[in-house]
Number of protein chains: 2
Amino acid sequence: MFAEPATKLDNYAYAQRERLAYIDFRLQYQGSIARGELMEHFGTAVASGTRDFTLYRELAPENLVLRHENKRYYRTGHFKPLFPHDSQTALNTLAHGFGDGVTSPREVSGFCEDTPDLIAPPRDTLATLSRAISQGQAVKLIYISLSSGGSQRVIVPHSIVNNGQRWHVRGYCRKHSQFRDFVCTRITDIRIDHTEIAPAELQAADTEWNQQLTLELVPHPGHDHPKAIALDFNMDRADTSSQTTQPVRRVAIRAARACYLLRHWNVDCSSDHRLPAYEYHLWLRNHETLKQCSNAVLAPGYATERRGSPMNTKVSR
Amino acid sequence: MFAEPATKLDNYAYAQRERLAYIDFRLQYQGSIARGELMEHFGTAVASGTRDFTLYRELAPENLVLRHENKRYYRTGHFKPLFPHDSQTALNTLAHGFGDGVTSPREVSGFCEDTPDLIAPPRDTLATLSRAISQGQAVKLIYISLSSGGSQRVIVPHSIVNNGQRWHVRGYCRKHSQFRDFVCTRITDIRIDHTEIAPAELQAADTEWNQQLTLELVPHPGHDHPKAIALDFNMDRADTSSQTTQPVRRVAIRAARACYLLRHWNVDCSSDHRLPAYEYHLWLRNHETLKQCSNAVLAPGYATERRGSPMNTKVSR
DNA sequence: AATGTAGCAATCATTTTGATTCTTTCTTCA
DNA sequence: TGAAGAAAGAATCAAAATGATTGCTACATT
C-alpha cells in the first residue's frame with residue numbers, strides 16, 4: 001500500500017517526519033509544493049528545505065518531479081503516499097489547516113469548509129470538564145435545562161461526546177441519582193467539587209454507556225434506488241446472518257449513543273418502516289435492539305408506536 | 001489573556017514550540033503531565049525532556065508544579081495558557097489525538113468521542129477532487145444519483161463542504177449547465193479531465209456560492225424557555241436593528257449553504273413559526289432571505305407553504 | 001542578452017539533541 | 001526502619017540537525 005515500510009520512517013526524528021508528511025500531504029491533496037512553502041510552514045532555512053526534498057526523493061523517487069518552468073514539485077502519476085492519510089483526517093486538515101492548530105497559525109486550503117460551528121462549548125467549561133474526568137473528580141455547576149430552567153447540580157463526569165449536533169458531557173448526576181447527558185453550552189459556573197466519588201458513580205457503573213449495540217442499517221424499503229443508498233453508506237452485501245443478500249451496514253455503538261446516531265442520520269426505527277422514504281433513507285432492521293435504550297424517544301418512529309410520552313422523558317437534545 | 005506575549009514564543013523553533021504546546025495542552029485539559037509522557041510522544045531523550053520542562057517553567061513559572069509523590073507536573077490554580085487552544089481545536093485533539101494525525105500515531109484521550117463517521121469519502125475520490133480544485137481542472141466521474149441512478153458527468157469542482165451530515169463537492173456540472181452539489185460518497189470512477197475550463201464554470205461565476213446571507217436565528221416563539229435556547233446558541237441581546245431586545249444569533253453564511261445549516265439545526269423557516277416548538281428550538285426570523293436560495297426546499301417549513309414540489313427539485317441531501 | 005528567481009550541492013559554523021553521570025525526593029518493600 | 005528503586009533535575013561532552021554561505025543551473029522576464 002505504501003511506498004516504503006513504516007519502519008523506515010521510524011528512523012527519523014519527529015520533526016523530520018513531520019516535514020516529510022507535509023510534503024507528502026501537499027503532493028497528494030494539492031498536487032504540487034514549492035520548497036519555499038515548506039520553509040515557510042516550518043520556519044526553516046533554505047538548506048533544510050533542500051535537504052528535506054532530497055530525503056523525500058530518496059524515500060519515494062517516483063512520487064514527485066521538479067518542473068523548472070515554475071520551480072515547483074509536482075505529484076506524478078505513480079504517486080504512492082509515504083504516510084497514511086485517512087480521509088477524515090485529510091478533510092480536517094484541508095478545512096482547518098495542517099498541524100495541531102496550536103504550535104503555529106494554520107494555513108487553510110481555502111476550498112474546503114467544515115460545518116459552521118454555532119455552539120462550541122466555552123473554553124473554560126471544556127477545560128474544567130476535561131480535567132475533572134482525567135483526574136476522577138466531581139464538578140459543581142449550574143445547568144440551564146430546557147424544561148426546568150437553571151439549577152445547581154453536582155455531577156461526576158466520565159465522557160465528552162458529540163451527538164452529531166452538540167457536544168455533551170455524560171456523567172452521574174447526584175440530583176437525579178442516575179447517569180445523564182448534559183449539553184455543554186447549557187453549563188455555567190462550573191468548578192471542581194472536591195468530594196469523594198462512590199463506585200456507583202464511575203463510568204464502569206454506567207451500563208448503558210458500556211453496553212455495545214449493533215445497529216443493522218438497510219436502505220429504506222420504500223426507496224426507489226436502494227443501490228444508491230447502499231453505495232452512500234458503504235454497505236456490505238455479505239450478510240451472512242440471514243438468507244437474503246440485502247445490503248446492510250452494521251454499526252457498533254454504545255447503547256447510550258445509539259439513538260442520537262439514529263436521529264442524526266434520519267433512520268426510520270418503526271417496526272413496519274412506515275416513515276416516508278423521501279425523508280428517511282435508512283431503516284433500522286433490528287429495531288428491537290432499542291429496548292435497551294432509555295432515550296429511545298429520540299429514535300425516529302420508535303417511541304410513537306409504543307405510545308410513549310416524549311414530553312415527559314428527560315433527554316438532552 | 002496569555003501569560004507571555006506571542007512574540008516571545010516566535011523565537012523558538014517549530015519543534016520546540018510544538019513540545020511547549022503539548023505541555024501546555026496537557027496541563028490545561030488533563031491537569032497533569034509527566035516528563036516520560038512528553039518524551040514518549042515526541043520520541044525524545046531524557047535530557048531533552050528535562051530541558052523542555054525547564055524552558056516551560058521559565059516562560060510560565062506559575063503554571064505548573066512538580067509533585068514529588070508521583071513525579072508528575074500538575075497545573076496550578078494560577079494557570080494561564082501559553083498557547084491559545086480554541087475549544088473546537090481542543091475537542092478535536094481530545095477526540096482524535098494530538099498532532100497532525102500523520103506524523104506519528106495519535107494518542108487519544110479515551111474519554112472524548114466524536115460523532116461516529118459513517119460515510120467518509122473514499123481516499124482517492126477526495127484526493128482527486130482536492131487536486132483538481134487546487135489546479136483548476138475538471139473531473140470526469142460516474143455519479144449515482146438517488147433519483148436517476150448512475151451516469152457519467154464532467155464537473156468543474158471548486159469547493160468541498162460539509163453540510164452537517166455529509167461531505168459534498170460543489171462545482172459546475174456540464175450535463176446540466178449549472179452549479180450543483182454532489183455527495184462525495186456517490187462518486188465512483190473519478191479521474192482528471194484535461195479539458196479547457198470556461199470562465200462561466202469557475203467559482204467566481206457561482207453566484208449562490210459567493211452571495212453571503214445573514215440568517216437571524218431566534219428562540220422558537222412557541223418555546224417555554226427562550227433563555228435556555230439563547231444561552232445554548234450564545235445569542236446576543238444587543239439587537240440594534242429593531243426596537244425589541246429579543247435575543248438573536250446572526251449567522252453569516254453563503255446562500256448555497258444556508259439551507260443545509262437550517263435543516264441541520266432544525267430551524268423553523270415558516271413565516272408564522274407553525275412547526276412544533278418541541279422539535280424546532282429555533283425560528284428563522286428573516287425567512288424572506290431564503291428567496292435567494294434555489295435549494296430552499298431543504299429549509300424546514302419554508303417550501304411547503306409555497307406549495308413547492310420537493311420531489312421534482314434536484315438537491316443533494 | 002542581461003537580470004532575477006528558485007531550485008541543487010557542498011562546506012563549515014551554530015544550535016539542538018542525545019548519552020552519561022551524579023544528585024534529590026519520595027515510594028515501596030523486606 | 002532502612003535499603004532499593006523510580007523518576008525527576010543538573011551538568012558535561014559527543015553527536016546530530018539545522019543555518020549560513022558560496023557557487024552552480026535552468027528557466028522566466030524584460
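Values reported hereafter were calculated over all heavy atoms of this structure, with side chains retained and with hydrogens, waters and symmetry mates removed. Letters go in sequence order (proteins before strands), and every chain restarts at 1. Model, not experiment: these values are computed from the prediction.
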Quick one: [X] [atom1] to [N] [atom2], roughly how many Å, whole number?
X	N	atom1	atom2	result
B:L20	C:dT16	CG	P	12 Å
B:L38	D:dG9	CG	C1'	15 Å
B:E18	C:dT17	CD	P	11 Å
B:L66	C:dT24	CG	C1'	11 Å
B:Q16	D:dT18	CD	P	13 Å
B:E69	C:dT28	CD	C1'	15 Å
B:F42	C:dG18	CZ	C1'	17 Å
B:H68	D:dA6	NE2	P	18 Å

Hey, is the side chain of [X] poking within less than 4.0 Å of OP1 or OP2 on [N], counting only N and O atoms?
X	N	result
B:S48	C:dT16	no
B:R67	D:dA7	no
A:R51	D:dA17	no
A:R72	D:dA26	no
A:T50	C:dA9	no
A:R35	C:dG7	yes

(message) A cation-pi test, strictly: NZ or CZ of A:R17 under 6.0 Å from the centre of the six-membered ring of A:Y12 and no more than 45 degrees from its axis. Yes or no?
(response) no
message: Categorize B:G49 for me: base, sugar-phosphate, or nothing, with a 4.0 angstrom heavy-atom threshold over every strand shown.
response: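 The residue B:G49 makes no contact with any strand.
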When we call it a touch if two heavy atoms are under 4.0 Å apart, what does A:A34 touch: a base, just sugar-phosphate, or nothing?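 Counting heavy atoms under 4.0 Å across all strands, the contact made by A:A34 is with sugar-phosphate only.
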message: Is any side-chain heavy atom of A:R75 closer than 4.5 Å to one of A:N63?
response: no
When you measure from the side chain of [X], which nucleotide among [options] comes out closest?
X	options	result
B:A47	D:dA8, C:dA19, D:dT18	C:dA19
A:K71	C:dA19, D:dT18, D:dA26	D:dA26
A:V46	C:dC26, D:dT21, D:dA20	D:dT21

Would you please say whether a donor-acceptor pair under 3.5 Å links the side chains of [X] and [Y]?
X	Y	value
A:D86	A:T89	yes
B:D24	B:H85	yes
A:Q178	A:R180	yes

